[in-house]
Structure formats: C-alpha cells, structure tokens
Amino acid sequence: MIMGGILILLNIIFVNLPLLNVVGYEFSVVNALVLYLLGGIIALAREFPFSAGNLGKIVLLLLIPLIPGLFGNYLLSVCPLSDSIWFYFIIAIPAMFIGISTGIIATVITLKYRILLFIFFTVMMVLSPLEELYFNPQVYFYNPIIAYYPGVIYDELITVDFKLVIYRLLNIGFFSGVLYFLLKYQKLAQKLVVVLSGLILLLLFSLLKPILGFETDISRIKSELGAASNTEHFIIFHSDSLTEKEVKSLKWEHEYYYDLLSKDTGFETSNKITSFVFEDRKTKKELIGAGNAEVAKPWLGQVYIERSSIQGSLRHELAHVFSAEVGNGLLRLPEGFNPAMIEGYAMVFEDDFRGEPIYNMAALAKHKGFNLPIESLFSGFNFFGSYSGLSYLYSGAFLKYLRENYNPDIVNKLYGDADFDKYTGKSIQALGEEFNLFLDSVKYDYNQHTANLHFGYKPLIKKICPRYLASELQNTTELLFKGDTTAALKNYDDLLLYSENYNVLRNYFNLLLKAEKSEKADSILAERMEQFRGTGYFYNLRLLKAKSLIYYGNISGAVAQLDSLIFENPSSGYTAAAKMMKYITKTEPNPDRFWNSPDTVKEEKLLSYLENGLYFGFVFEYLELIEEKWTEEEQNLFLQNMINKYEDEITPRDLWVVSNYYYGKYDYELAKKYLIRLLKLTESDTMKWKAEKLLMKVNRFALLTEMSENG
C-alpha cells in the first residue's frame, strides 16, 4: 500500500515535468530507477516476491506508474502511445525484476549485511558506465538499471531497437541464472562458486561488449574508420576512401585551427589531440551515440566530428580540448559542470555563430526579442531552458566581452574558478547589465527576419512529443525508400493531427505535390503555415507556398510571395533561392513541371537561362547537376566563362559563393582571387569580416600547396 502510494505520488509529479509527462523514454528511465529501488526494498524485507501471493502485488506495482502516465498522454498531451509504451516494458519493468533479484542475491549471500551488500551492488551498477564514458570515445552507455542512455539530448531519435531488446534479455538471463543457483545451492562454498562464476561472466561480457555493439572502444572506432593520418599536433582517424587532396585538407584544417587557438588561449595542449572524422551522421551516431551534435572529450584530448562539419565546427570542438588545460577534476571541466561556462569558453575562441560575428548576432537577439538574462544563464542548468543556439551565443558573447574589457586571460581563470567578483570586482548581475549596455552599441546588418531565422526555435524540453515524432519520421522515410507512398502519406496525415512539427509539414507537402495532389498540399499548407510565423521555419514555408501557388497556376500570387521573401531578406541564401524560383516562374511556360523534371531536362533549361543572361545564381545549380559528368577542368572553365559573362551584375554574395566553391575544390589561388575581389566590392562590415576570416586560411593553404608541389 505504501509503495503504491509512493509510486502514484512520484508519477503525479512526473506528469507535470517536461519530457516526463508522457509514457516514453524519459518517463521509463525515471520509473526504472524508482521500481528498481522498490524491488530491492521488497526483497530485503525478506518477502519472496515470486510466490503466488505476492506476484499479484508486484504486477500491480508495475502497472501503477502507467495510470498517471496514460493520463498525461490522453489528457495533458496529444502524444499517442504507439511504440513509446515499449520503452516502459523494455526499460522499467525489467528494472524492478533486477532490483528484486539484487535484493534476494544480497540476502542469500549474507543475511546480516544484506542492506549494505545491496547498496554496494547498486552503486557498482550505477557507476559501471563511468569507466566507458571516461576512457572510451562513446557518449552513450548500456546499464542494467536504466537499460540505455543516449548521451546527447539534442539527438531526438531514441528507439526500442533490436540491440536494446537483446541487452535487456541478457540482463534478465544473467540475474535469473545467478538467483536460481544461489537458491539451489545453500552451502557457503557453493555460494562462493556461484558468485565467482557470476563475476567471470560479467568480466567476459565486459570484454565482448565492443564486439556485441554495446560499447565503443578505440579499436572498434579505428577499425570502422579505416585510416589514420599524423600531423605535428594531431592523430586523425578518417575513412580510407578519402583522396590524397582530401586527407591533406583535413590535416591542414586541423593544424590551422590549432595555431589560432594556441595563439588566442595563450598555451598549447599537453599532448597530441586525437580527432575522429566520420563520413556521415549515421556512422557517427552508431559508433559514439551522437548523430546531430559534434562532440569533444577534453579529458581524453579527443574530438568526434562529421567531415561536412569541419569548417563549421572543428574550431569549436578543439577549443573544448584546449579548455582541459584550465579545467578542474578528472573531467577537466568547470566547477559544477556549468554548461554556460563549458560552451561559452568554446564560443569565445571560435568567435563565430553560424558564419556571423557573435557580438553582432547577440546584439540582434537582444534587440529583436530573444534576450537572455546573463545571471540566469550561468546559474545551474538554465542553459538548457532556452533554444540551445541562443544559449551558446549569449554565453560566448558575454565571456568574450569580459576577455576584451577586463583581462585577456580572464576566461581561462573563470573556467577553472567561476568567481566573477574575484576576477572583475563586480557581481555577475552588474556584469550582465554592463554587457547589455555594450550590446546596445553594437551595429549589425540584420533584421527581425534574420533574428527569427536564427533564434525562433524551441528547446527540446518545450517540444511536443519530440521522441515520438523523430521515430515516426524515420519510419516514414523508410516507407518512402521502399516505394510505399500510400502508407507514407497516411503516416504524415496522422502526424499532422497533433503535431506542430515543421519537418512533418514540409515532407508531407512535398510528397503530396509529388503524388500530384496539389489541392490537398495547398490546403494543408494554408491551414498550418501561420503557426510557424516568427520561427526559423517560416521562410522555407514561404518558398513552399510559392511553389504551391505555381502548381495552382497562380503565377502572380507566387511572384508576390517571392518578392515579399526577397524584401524580408532573412538571409542571403533564402534571398537567392527566392530569386531563382522567381526567374523560373516568370520564364517557364509551365513552371510547375520544372521541379519534377528529369535532371537532363533541368540541365538543358538551366544552361539556357545562364546563356541568356537571366541570373548568375543558376550557375551552381547547374554545376551540381553536371558534377559527375564533367571533369574539374571543364567545370572550372564553365564557371570562369559565366563569371566573365555576368561581370557587371555579379554581387558580393555571388563572389562569396564562388570563393567557397573553389575553397571546397581545393583551388586556393582562385578562392583567394575572388575573396580579394569581394573585399574591394562589398560595403558590408559583416561580409568583410567573413571574407577576411576565410582569406587568412586560404592564404596559408595556398602557400602549403605551393610548398608541397615544389617538394
């Protein structure tokens, strides 16, 4: 009765907390902890839970959490149970069995000290993943009590997969076996043999975990990636399919950012840094547990990054490794593991927020309704209470302000000892007010729409059914891969009944157009579009709306929609996309057919647009289509001809794209040529900042290329 009351009370609290208010992964994990402890208490009280009289009570206890949980699902939330309830059966229910078994095992071994022994076993199980997390590249772990922890909260997709089920069956099998033999053999010597056998099995399982896929050690990750390269400051593990140019670029990128960081921080790392470079998100998630997020382990001197993210994220992750030199404890992190200090430190030395200066973007956020109070941001774990990008930005901009206005070494000192009064003579409240006044003086080239594009998102804890949606989106993608369009359309239709998820709306809309159901596509978009106003998703929906109007034959309406997006100018990328769609809409006699045309038809039409002097922006769409058909020399000659043809119309943004194109092709001399031209043409301080930043790198790589070619 008492235990049932405790369970009901705790779960009433849970359903009022983010992520715990529905039956799903988080709900199951916290209940697994509670049920494990209750199971242990039952066993330690010397009741035999598996007797006929008590088994019914155990089943009732297992069902009690589902009462508030289902209440949360059906009354406080719109999230369907679907596959989510399997988390409870795979994670929470076995946890109680393991708790009961652990209590009985402790009692059988020593009646007198059974409580202490139970506590010892529990502590060992709780701490067992720490060795894996500390010494291995992984951020995930498997554990007998909570079954599985994904490691990174930004990855929304967590599913009950075959591996998790197998792991849980192994848990149940092990505890059942040990329990059976301890109850069967009562002599002390026999008990010792059973315990020793159990320990040997645990050791054997521990050794086999990397092979079975329940752990990722260095040897496994090396084997999967296949190749390694050494530089002065790095050991870089990467795919063995990379070309010589790609490997050389990887090495240069790493050393370039190392030099910048050593100069900015004022020190070098104690040892070589190990960098694991993955070819795709799927491989990265499978091996280390983080698919959407780049990760570093400062105490190991290791970074884990997707190759496509090198230019955007490598400097940030390396800054985390540098932070180990000024961090505390075994993990070399700030006191209290303050996330704002951890990420703020890396942002200071990255000094870049999605390709823009962090001061400018922080000033934009403050003035356009996305302000974050500094005192709150650096307190506890409030960092996660807002959209993560905004928290990263503000923490970095604030620490950069302190570094530039108080002491160049202050960030290193604060990382080891976050005593703002000690190092500035002011409280964090006063510093926050001072920083906000500073942001009022910062000029920027952006508008409200740019702010919405970058900051108009919800943190994970405020999203509706994020785990369920991520799982269903993956299932629908698999249906499309199999060619089952009908089932995929039904899935999206069901998801829209309760979802405010942008990916659902976008994917559903595009699939409806592909299935030639333009009327329904337009209806769905018209009904749902306004709920995204003020968010970062709204601008892509504007492009979709224009496409919908084109399919309806409302060309003037589509052009008006595109003109509005061009005027709002949330980013140069969106403006360019809107211009391209506008030109196609006004040029093509049947523009609705263009997007569903075969690539060969698109090639022909884009080439005619370019040759007729329609819009320079089409050149990269065209190059992407013919990339596999033409040699690099042919592509380069074509691009040069187009640049000459559009000489009088080319914009700074065009030159920026051209420079990055050549940078991506490892042609640093041409990248340099167009960056210099861009700097002469642009009047934007932000564009100058971006161009100068890339030019520094390009100059170095051009010199290295010349040196390597000359031997």
Side-chain angles (χ1 to χ4, degrees), residues 25-26 29-30 32-33 36 91 95 98 121-155 157-158 161 163-164 167-168 170-171 202-203 205-225 235 237 271 273-276 278 283-306 316-324 327-339 341-343 345-346 381 383-384 460:
Y25 170 75
E26 285 82 5
V29 165
V30 295
L33 289 168
Y36 169 85
I91 293 176
I98 291 170
F121 288 152
T122 302
V123 169
M124 292 302 295
M125 282 189 277
V126 169
L127 297 181
S128 61
L130 295 184
E131 177 267 334
E132 296 172 14
L133 293 177
Y134 188 84
F135 292 106
N136 287 343
Q138 70 198 66
V139 295
Y140 72 90
F141 63 78
Y142 288 84
N143 176 268
I145 299 176
I146 65 168
Y148 176 72
Y149 173 70
V152 179
I153 66 169
Y154 305 120
D155 280 356
L157 181 61
I158 306 175
D161 57 13
K163 192 189 298 184
L164 179 59
Y167 180 76
R168 236 20 184 164
L170 288 172
N171 291 161
L202 284 177
L203 179 61
F205 178 68
S206 179
L207 295 173
L208 292 175
K209 280 178 80 174
I211 299 172
L212 297 172
F214 298 122
E215 183 181 337
T216 301
D217 58 11
I218 292 289
S219 59
R220 180 186 173 197
I221 207 169
K222 286 180 183 177
S223 173
E224 291 283 346
L225 292 175
I235 302 170
F237 292 96
N271 301 295
I273 299 172
T274 305
S275 176
F276 299 95
F278 303 89
T283 304
K284 183 160 155 282
K285 182 171 179 60
E286 181 182 339
L287 288 175
I288 70 166
N292 295 330
E294 314 304 337
V295 181
K297 286 195 173 182
W299 61 93
L300 293 179
Q302 295 178 357
V303 296
Y304 321 95
I305 193 165
E306 198 175 333
H316 182 97
E317 298 310 323
L318 291 179
H320 282 308
V321 175
F322 271 77
S323 73
N328 296 307
L330 289 172
L331 299 181
R332 312 304 300 161
L333 294 174
E335 184 179 353
F337 307 123
N338 188 298
M341 190 63 71
I342 293 170
E343 296 302 341
Y345 185 95
F381 289 90
F383 182 90
F384 299 109
L460 178 64

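Values below: all heavy atoms of this structure, side chains included; hydrogens, waters and symmetry mates excluded. These numbers come from a predicted model, not from an experiment. If you read the sequence from its start, that first residue is 1, and numbering goes on from there.
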Student: Keeping the roles fixed (side chain from R168, backbone from I91), state whether a donor-acceptor pair exists under 3.5 Å.
Tutor: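 It does hold such a pair.
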
Student: Does atom CG of L127 have more than 12 heavy-atom neighbours, drawn from other residues, nucleotides or ligands, at distances under 6.0 Å?
Tutor: yes

Student: Could you give the distance from CG (L318) to CD1 (I273), rounded to the nearest 0.5 Å?
Tutor: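 With rounding to 0.5 Å, CG (L318) is 5.0 Å from CD1 (I273).
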
Student: Contact between K297 and I288 at the side-chain level, heavy atoms closer than 4.5 Å - yes or no?
Tutor: no

Student: So, for A319 and A346, which heavy atoms are closest and what is the spacing to 0.1 Å?
Tutor: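 Heavy atoms only, the tightest pair is CB-CA, 3.7 Å.
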
Student: Can you find a pair of side-chain heavy atoms, one from I145 and one from V126, that are under 4.5 Å apart?
Tutor: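 Touching, per the 4.5 Å side-chain cut-off.
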
Student: Nearest 0.5 angstrom please: L202 CG to L207 CG, how far?
Tutor: 11.0 Å

Student: Any idea how Y134 and W299 line up, ring-wise: parallel (<30°), tilted (30 to 60°), or perpendicular (>60°)?
Tutor: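 Parallel: the ring planes of Y134 and W299 meet at under 30°.
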
Student: Counting C-beta onward and ignoring hydrogens, is there a side-chain heavy-atom pair between L164 and Y142 closer than 4.5 Å?
Tutor: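 Counting from C-beta outward, L164 and Y142 do come under 4.5 Å.
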
Student: Measure from the side-chain N and O atoms of E306 to the backbone N and O of E294, and report whether any donor-acceptor pair falls under 3.5 Å.
Tutor: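 A pair under 3.5 Å: no.
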
Student: Provide the closest heavy-atom pair for P144 versus Y167 in the form atom of the first, atom of the second, distance.
Tutor: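 In terms of heavy atoms, the two residues are closest at N-OH, 3.2 Å.
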
Student: Does a side-chain heavy-atom distance below 4.5 Å link I146 with V29?
Tutor: yes

Student: Classify the angle between the aromatic ring planes of Y148 and Y25 as parallel (below 30°), tilted (30 to 60°) or perpendicular (above 60°).
Tutor: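 It falls in the perpendicular class, over 60°.
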
Student: Look only at the side chain of N143 and the backbone of S128, and say whether a donor-acceptor pair between them is shorter than 3.5 Å.
Tutor: no

Student: Between N136 and T216, what is the shortest heavy-atom contact and its length?
Tutor: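 Smallest interatomic distance, heavy atoms only, reads CB-O, 3.2 Å.
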
Student: With side chain to side chain contact (heavy atoms under 4.5 Å, CB included) as the test, pick out the partner of Q302 among I235, I218, I221, V295.
Tutor: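 Single side chain to side chain contact (heavy atoms under 4.5 Å, CB included) partner of Q302 among I235, I218, I221, V295: I218.
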
Student: Atom CD of Q138 and atom NZ of K209: how far apart are they, to the nearest 0.5 Å?
Tutor: 7.0 Å

Student: Write down the atom of P334, the atom of I342, and the distance for their closest heavy-atom approach.
Tutor: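 It is CD-CG1, 3.4 Å.
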
Student: Look at the rings of F276 and Y304 and say which category their plane angle falls in: under 30° parallel, 30 to 60° tilted, over 60° perpendicular.
Tutor: parallel

Student: Any side-chain heavy atom of E343 sitting closer than 4.5 Å to one from H320?
Tutor: yes

Student: Which heavy atom in A95 sits nearest to a heavy atom in A32, and how many Å separate them?
Tutor: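 Distance-wise, the nearest heavy atoms are CB-O, 3.4 Å.
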
Student: Do R332 and V321 have side chains that approach each other closer than 4.5 Å (heavy atoms only, starting at C-beta)?
Tutor: no

Student: Can you find a pair of side-chain heavy atoms, one from P137 and one from L287, that are under 4.5 Å apart?
Tutor: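 A side-chain contact under 4.5 Å is absent here.
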
